[in-house]
Undergrad: 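Input: one structure, supplied below.
Values reported hereafter were calculated over all heavy atoms of this structure, with side chains retained and with hydrogens, waters and symmetry mates removed. Bear in mind that the values here come from a model prediction, so they are computed numbers and not experimental data.
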Amino acid sequence: MAKASIKSLFASDGLLAQAFEGYVERDAQLEMAQAIENSINSETSICIEAGTGTGKTFAYLVPAIVAADEFEKKIIISTGTKNLQDQLYFRDLPSIFDALGIHKEKALLKGRNNYLCIYRLAQNLDSGRFKSRSMADTLVKVNQWSNKTVSGDLTQCPDLKDNDPLWGYVSSTNDNCLGADCPDYADCYLVRARQKAMDADLVVVNHHLLLADMVLKEDGFGELLPETDIVVADEAHQVAAIAHGFYGHRLTSRQINELCRDTEIEAMTTAKDDRQLSVAVRRVEGAINEIRLKLGDSGRKINWLQLDVKVRNDLFSELLREMKALSKRLDLNATRSKGLDSCHRRSVEILQTLVLFDNKELAQDAVRWAETYRTGFAVVETPLDVSEAFEQSRMEHGAQTWVFTSATLSQARKFDHFKDQLGLNDAEELMLDSPFDYESQSLLYVPRGLPDPRNPKYIESWFNKVMPLIEANQGGTFLLFTSYYALNKVRDLIEDKVDASKLMVQGERPKNELIEAFREQGDAILLATSSFWEGVDVKGMALSLVVIDKLPFAAPDEPLIEAKVQSMRKQGKNPFYDLQIPEAITALKQGAGRLIRDQEDKGVLVLCDPRLVANNYGQAFLQSLPELPRTRSQETVIKFLQGLESK
């Protein structure tokens, strides 16, 4: 399709303007759409940073849909979250199809754990083995919902919350799925969803699923997604971090506990006479508990090489011995049922990973760590650099055009860090600034007189500077933190200073409920950490003040960051400038992006870190943000905030 045609679609009198009330022609949106059309036509790849308000969703969907219609191109749109997937599939795509008068087959595909597993639902209804009465009650409600659902998408079940422990009982994993041997295979929701995706012209997935498919294709194990001509990765700044999980190895206590639970359920129906099977299960569970005890406190990530040598060398010895015994027992019973056969196969795979982790040698270009949770653990190994692996997977994937887009791909207006992480050296670049009038809509305030962030009095110091702003603000306030420690300390400081009905804290309710309540309140104060720095959209006076406690440098003892830093030093690079600053800039841009969400929004962004002004590298952070008017005067900020209420 010629450029003029794309231009006419986005024109003030074009099809989009006719279909959408309040449509405004935007130069940056058109430039992005034309650039993507050029990439499709030339079969090249492109990285596009599109500032908030560019309208990037329409800018990539329109040329992709036109290519699907005109040239029968197959398209994958990959997003960062399930919420964004649903928004694209249920809202954006149907409305653009209607506006353009184009109707192609579309499909929504999520990871397998999002789909109801009929077999496991029936198994667990029969077994009645639950950790609490509430789990049993929820299972009954899920069963009732299962009679009404068409898609089997568990995220649409109103009685199943995001963090409900029942998820593992009503969905399958790669490990426990019986595949074509399942008695419910013909009615399987996941199989239906995948088949629909295979037949569709346009498939909406998330980054985890896209990467799983890329790795499968490269390994020659088949595919989850159809052969594709065009891949669009929205919220692409997340891709590199997610990729680390797909080019390494992971062993979790949950994985092994689920095998034990499934073995018990299968044994109750098809191997009651083999009491040794239950004994073997108990011993594996005991070994799991021993490992958890040896790893110490919960909520930690411990670099493998920093574990006590004796603990490290003996950590898996007992589990390896007991898993071998369980696997042998399962082998003897495998012919009794498809379920026991599947459990045997899973035990062999777990043993293979255990042997890998029990190997005392660690590859030079990899890092391994243990993560501890309240009742479990995970051991993870990943390469330090995924750029070559990702580039190889991308080549094997077969798509001719890849579009990577986000509001936060660059640092100090350069794409180097993002492209280096994913091996995208040959990709084109396009930077589009936000169309918002930050000069009149906003203010950036860096308080004077703050101590170094390492000072024990730092949190109290910036809170005293910020509290008068919170009191002057007639709208809503986000207090965004880089740590739970700072969040909890400020919670203690603020509780007796504000109306309790206004105060909201991350974790008190599910994220979506909390944001909805924040919007409705209109003048609430929300305390939150990293998960609220992105993907949160609050327009108008409901959010007119965003405070960030300090520059969001990753914790230096984070195992992956720590290992990358050491490796870069050995290569003669400067990890602070080449890694830690770029990563922190991306996080800061995401947090700052919560403030101005549309043309009417007004508000103040407060960055409470003296390093922005005192250190040379502070300029790289400031250059990466939109051009907000800057002030260091608290009085100016209070006047600005008080002026908002009168308009």
Undergrad: Calculate, to the nearest 0.5 Å, the distance between atoms NE2 and OG1 belonging to H208 and T81 respectively.
TA: 11.0 Å
Undergrad: For the side chain of S567 and the backbone of K564, is there at least one donor-acceptor N/O pair under 3.5 Å apart?
TA: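 No, because the side chain of S567 does not come within donor-acceptor range (under 3.5 Å) of the backbone of K564.
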Undergrad: Between H244 (side chain) and P383 (backbone), is there a donor-acceptor pair under 3.5 Å?
TA: yes
Undergrad: Ring centroid separation for F518 and F478, is it under 6.0 angstrom?
TA: yes
Undergrad: Assess whether atom CG of D598 is packed by more than 12 heavy atoms of other residues, nucleotides or ligands within 6.0 Å.
TA: yes
Undergrad: Could you check whether any side-chain heavy atom of M431 comes within less than 4.5 Å of a side-chain heavy atom of R413, counting everything from C-beta outward?
TA: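 M431 reaches R413 side chain to side chain.
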Undergrad: Given the ring of W167, does K82 sit roughly above its face, with NZ or CZ under 6.0 Å from the centre of the six-membered ring and within 45° of the axis?
TA: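 So K82 does make the cation-pi contact.
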Undergrad: To the nearest 0.5 angstrom, please state how far the CG atom of D92 sits from the OH atom of Y60.
TA: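 Those atoms lie 7.0 Å apart.
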Undergrad: Would you compute the distance between atom OG1 of T586 and atom NE2 of H417 and round it to the nearest 0.5 angstrom?
TA: 6.0 Å
Undergrad: Decide yes or no on side-chain contact (heavy atoms from CB on, under 4.5 Å) for E37 and K7, but give the supporting numbers first.
TA: CA-CA 11 Å; E37 185 197 31; K7 187 172 184 178; over 6 Å; no
Undergrad: Salt-bridged, D86 to K110, with N to O below 4.0 Å?
TA: yes
Undergrad: Count the heavy atoms of every other residue, nucleotide or ligand shown that sit under 6.0 Å from CD of E428, and state whether that count exceeds 12.
TA: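 Atom CD in E428 is not crowded, with 12 or fewer foreign heavy atoms closer than 6.0 Å.
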Undergrad: With side chains defined as the heavy atoms from C-beta onward, is the minimum distance between L109 and Y115 less than 4.5 Å?
TA: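 In contact.
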Undergrad: To check you understand the geometry: which heavy-atom pair defines the closest contact between A587 and W533, and what is its length?
TA: O-CE3, 3.3 Å
Undergrad: Would you check if V538 and R597 make a side-chain contact, meaning some heavy-atom pair closer than 4.5 Å?
TA: no
Undergrad: Is it the case that more than 12 heavy atoms not belonging to E600 sit under 6.0 Å from its CD atom?
TA: no
Undergrad: Within 45 degrees of the axis of the six-membered ring of F532 and under 6.0 Å from its centre: does K511 put its NZ or CZ there?
TA: yes
Undergrad: Got a donor-acceptor contact below 3.5 angstrom from the Q29 side chain to the G55 backbone?
TA: yes
Undergrad: A quick test of your reading: do over 12 heavy atoms of other residues, nucleotides or ligands sit less than 6.0 Å from CD of E627?
TA: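 12 or below, so no.
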Undergrad: Might you point out which heavy atoms bring L424 and F390 nearest each other, and give the distance in Å?
TA: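 Residues L424 and F390, closest heavy atoms: CD2-CE2, 4.5 Å.
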Undergrad: Is the closest side-chain heavy-atom distance between N83 and N512 below 4.5 Å?
TA: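 N83 vs N512: side chains touch.
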Undergrad: Test your reading of the model: is there a side-chain donor-acceptor pair from T401 to the backbone of S39, 3.5 Å cut-off?
TA: yes
Undergrad: Shortest non-hydrogen contact from P226 to A197?
TA: CG-O, 3.4 Å
Undergrad: Does the side chain of P94 come within less than 4.5 Å of K106's, by heavy atoms?
TA: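 With C-beta onward as the side chain, the pair touches.
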Undergrad: Is the backbone of E43 close enough, under 3.5 Å, to the side chain of Q400 for a donor and an acceptor to pair up by distance?
TA: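 Between the backbone of E43 and the side chain of Q400 there is no qualifying donor-acceptor contact (under 3.5 Å).
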Undergrad: Nearest heavy-atom pair of I242 and H207: which atoms, and what distance?
TA: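 So the minimum-distance heavy-atom pair works out to CD1-CB, 3.7 Å.
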Undergrad: For the residue pair I548 and A592, what are the closest heavy atoms and their distance?
TA: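 Looks like CD1-N, 3.9 Å.
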Undergrad: Give a yes or no on whether the backbone of A233 and the side-chain of S78 come within a donor-acceptor separation of less than 3.5 Å.
TA: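 Answer holds: no.
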Undergrad: Taking everything shown except K539 itself, do over 12 heavy atoms lie less than 6.0 Å from its NZ?
TA: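 Atom NZ in K539 is packed in, count exceeds 12.
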Undergrad: Run the salt-bridge test on K589 and E49 with the 4.0 Å N-O cut-off and return the result as yes or no.
TA: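 A salt bridge links K589 with E49.
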Undergrad: Taking atom types as modelled, is there a side-chain donor on Q506 or T529 under 3.5 Å from an acceptor on the other?
TA: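 Indeed, the side chains of Q506 and T529 share at least one donor-acceptor pair under 3.5 Å.
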Undergrad: Using a 3.5 Å distance criterion without hydrogens, assess whether the side chain of D229 forms a donor-acceptor pair with backbone atoms of K74.
TA: yes
Undergrad: Apply side chain to side chain donor-acceptor pair (under 3.5 Å) to Y247 and S393, showing your working.
TA: CA-CA 10 Å; Y247 295 106; S393 296; 2.8 Å; yes
Undergrad: Salt bridge or not between D578 and R569? Use side-chain N to carboxylate O under 4.0 Å.
TA: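 A salt bridge is absent here (no side-chain N lies under 4.0 Å from a carboxylate O).
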Undergrad: If we only count heavy atoms from C-beta on, is the L605 to L444 side-chain gap below 4.5 Å?
TA: yes
Undergrad: Check whether Y23 reaches the backbone of F10 with its side chain - one donor and one acceptor, N or O, closer than 3.5 Å.
TA: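 Yes, Y23 side chain to F10 backbone: donor-acceptor pair under 3.5 Å.
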Undergrad: Within a radius of less than 6.0 Å around CD of E72, do more than 12 heavy atoms belonging to other residues, nucleotides or ligands occur?
TA: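 Atom CD in E72 is not packed in, count stays at 12 or less.
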Undergrad: What's the separation between atom CG in L108 and atom CD1 in I77, rounded to the nearest 0.5 Å?
TA: 12.5 Å
Undergrad: Would you check if D416 and Q411 make a side-chain contact, meaning some heavy-atom pair closer than 4.5 Å?
TA: no
Undergrad: Could you go through the side-chain contact (heavy atoms from CB on, under 4.5 Å) check for M32 and R26 one step at a time?
TA: CA-CA 10 Å; M32 178 171 171; R26 287 176 266 193; over 6 Å; no
Undergrad: For the OG1 atom of T57 and the CD1 atom of I96, what is their distance to the nearest 0.5 Å?
TA: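 One finds 8.0 Å between OG1 of T57 and CD1 of I96.
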Undergrad: Quick one: pull up CD1 in I36 and CD1 in I48 and give me the separation to the nearest 0.5 Å.
TA: 4.0 Å
Undergrad: Looking just at side-chain N and O atoms, do Q255 and E349 make a donor-acceptor pair shorter than 3.5 Å?
TA: no
Undergrad: What I want to find out is whether E235 reaches K56 closely enough, with some N-O distance under 4.0 Å, to be called a salt bridge.
TA: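 Looking at K56 together with E235, the answer is yes, because their closest N to O distance falls below 4.0 Å.
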Undergrad: Flag yes if more than 12 heavy atoms outside E388 fall under 6.0 Å of its CD atom; otherwise flag no.
TA: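 Counting neighbours around CD of E388, 12 or fewer heavy atoms of other residues, nucleotides or ligands fall under 6.0 Å, so no.
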Undergrad: As a quick check of understanding, evaluate side chain to side chain donor-acceptor pair (under 3.5 Å) for D385 and S387, giving each step before the final call.
TA: CA-CA 6 Å; D385 183 351; S387 59; 2.7 Å; yes
Undergrad: Keeping the roles fixed (side chain from R594, backbone from V536), state whether a donor-acceptor pair exists under 3.5 Å.
TA: yes
Undergrad: Looking at D426, I want to see if its CG is surrounded by more than 12 non-hydrogen atoms of other residues, nucleotides or ligands under 6.0 Å.
TA: no
Undergrad: Heavy atoms, side chains only, cut-off 4.5 Å: are D187 and R192 in contact?
TA: yes
